[in-house]
**Q** 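Mind having a look at this structure? Questions to follow.
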Amino acid sequence: MKDDEPSVERAVRAIVRLARLLERADAGLSLAQFRTLELVSRGTERSTHIATRLATSKPAITVVVEGLVAAGLLTRRGEPGDRRVVRLALTTEGREALAQAEIAYGDRLRPLLAEISAPDALLGQLAEVDDAMDARWARHSPSAKDQAPKATAAKEAAAAKEPTDLQTPPSPEAEVPATR
């Protein structure tokens with residue numbers, strides 16, 4: 001295979017380099033903070049669901065969430081009737097920080113997009129990848145079923161925005177087995 005031919009391996013290298021490009025943006029948020037706020041903005045309200053969607057551990061997300069709560073970007077609220085459930089919500093400051101970070105990340109990406117032959121096609125394909133990852137997560141996550149209407153509404157509201165993140169769906173092994 002020649003280095004200039006499309007391949008999954010070459011795509012992986014490009015995605016990793018793009019992540020590094022975004023990490024260097026002066027966005028006011030780390031990529032982990034951005035991913036968390038972005039998922040909460042789509043209707044993912046529980047740390048467990050965020051950890052699953054990002055294919056990371058609950059303790060790692062808890063650290064990010066605690067920092068965002070301390071910074072006033074997220075709030076926690078209990079679920080009436082179930083003290084075990086804690087829901088996350090963006091504050092006004094959280095919405096503003098997310099919007100500012102999207103601008104900063106977009107500003108880092110635009111010069112690169114100007115150098116490729118079909119930037120609109122790439123943006124469209126990245127939006128398809130985002131949709132495919134959401135669909136995979138919904139198929140593989142029992143918890144996704146209660147969030148599907150919120151996620152769909154949030155997705156439709158954000159349809160005009162640039163793609164913001166590449167999320168990894170949980171593996172099929174993460175499914176809860178059916179009871180007999």
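Quantities reported herein were computed from a predicted structural model and do not represent experimental measurements.
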**Q** If you take all heavy atoms of Ser41 and Leu90, which pair is closest and at what distance?
**A** CB-CD1, 3.5 Å
**Q** One thing to verify: whether Glu115 and Arg110 come together as a salt bridge, which I'm taking to mean a side-chain N less than 4.0 angstrom from a carboxylate O.
**A** no
**Q** For Leu21, does its backbone N or O pair with a side-chain atom of Arg108 as donor and acceptor, under 3.5 Å?
**A** yes
**Q** Considering only NZ, NE, NH1 and NH2 on the basic side and carboxylate oxygens on the acidic side, decide whether Glu9 and Arg13 come within less than 4.0 Å.
**A** no
**Q** If you count heavy atoms of other groups shown closer than 6.0 angstrom to CZ of Arg95, is the number above 12?
**A** yes
**Q** Below 4.5 Å, heavy atoms only, C-beta onward: do Ile116 and Pro119 meet side chain to side chain?
**A** yes
**Q** Would you say Leu109 and Val16 are hydrophobically clustered, going by side-chain heavy atoms of ILVMFWY under 4.5 Å?
**A** no
**Q** Can Val86 be reached from Leu54 by stepping across I, L, V, M, F, W or Y side chains whose heavy atoms are under 4.5 Å apart?
**A** no
**Q** Roughly how far, to the nearest 0.5 Å, is the CG atom of Leu74 from the CD atom of Glu66?
**A** 11.5 Å
**Q** Just wondering, do Leu113 and Asp120 contact through their side chains at under 4.5 Å, heavy atoms?
**A** no
**Q** Should Leu22 and Phe34 be marked as a side-chain contact (heavy atoms from CB on, under 4.5 Å) after you check the CA-CA gap, both sets of side-chain angles, and the distance that decides it?
**A** CA-CA 11 Å; Leu22 296 178; Phe34 176 82; over 6 Å; no
**Q** Gln33 side chain to Ser30 main-chain N or O, any donor-acceptor pair under 3.5 Å?
**A** yes
**Q** Which pair of non-hydrogen atoms, one from Ala104 and one from Ala25, has the smallest distance, and what is that distance?
**A** O-CB, 4.1 Å
**Q** Using the salt bridge (Lys or Arg N to Asp or Glu O under 4.0 Å) rule, take Glu45 and Arg76 through it: C-alpha gap first, then chi angles, then the decisive distance, then the call.
**A** CA-CA 9 Å; Glu45 300 174 321; Arg76 290 185 177 109; over 6 Å; no
**Q** Assess whether side-chain contact (heavy atoms from CB on, under 4.5 Å) is satisfied between Arg42 and Arg53, documenting all intermediate values.
**A** CA-CA 12 Å; Arg42 289 189 195 203; Arg53 291 213 52 186; 4.1 Å; yes
**Q** Is the side chain of Ser47 donor-acceptor paired with the backbone N or O of Thr62 at a distance under 3.5 Å, no angle test?
**A** no
**Q** Using the test side-chain hydrogen bond (donor to acceptor under 3.5 Å, both in side chains), find all partners of Glu23 that sit at least two apart in sequence or belong to another chain.
**A** Arg20
**Q** Do Leu18 and Val12 belong together in a cluster built from hydrophobic side chains that touch within less than 4.5 Å?
**A** no
**Q** For the hydrophobic clusters of this structure (ILVMFWY residues joined by side-chain heavy atoms under 4.5 Å, transitively), does one cluster hold both Ile103 and Leu98?
**A** no
**Q** Can you tell me how far the CG atom of Leu88 sits from the CG atom of Leu68, to the nearest 0.5 Å?
**A** 9.0 Å
**Q** Just to verify, which of Val64, Leu29, Ile50 counts as forming a side-chain contact (heavy atoms from CB on, under 4.5 Å) with Leu37?
**A** Leu29
**Q** Are Val8 and Ile15 in one and the same hydrophobic cluster, where Ile, Leu, Val, Met, Phe, Trp and Tyr link if side-chain heavy atoms are under 4.5 Å apart?
**A** no
**Q** Is any side-chain N of the basic residue among Asp130 and Arg136 closer than 4.0 Å to the acidic one's carboxylate O?
**A** no
**Q** Distance from Glu102 atom CD to Asp107 atom CG, nearest 0.5 Å?
**A** 12.0 Å
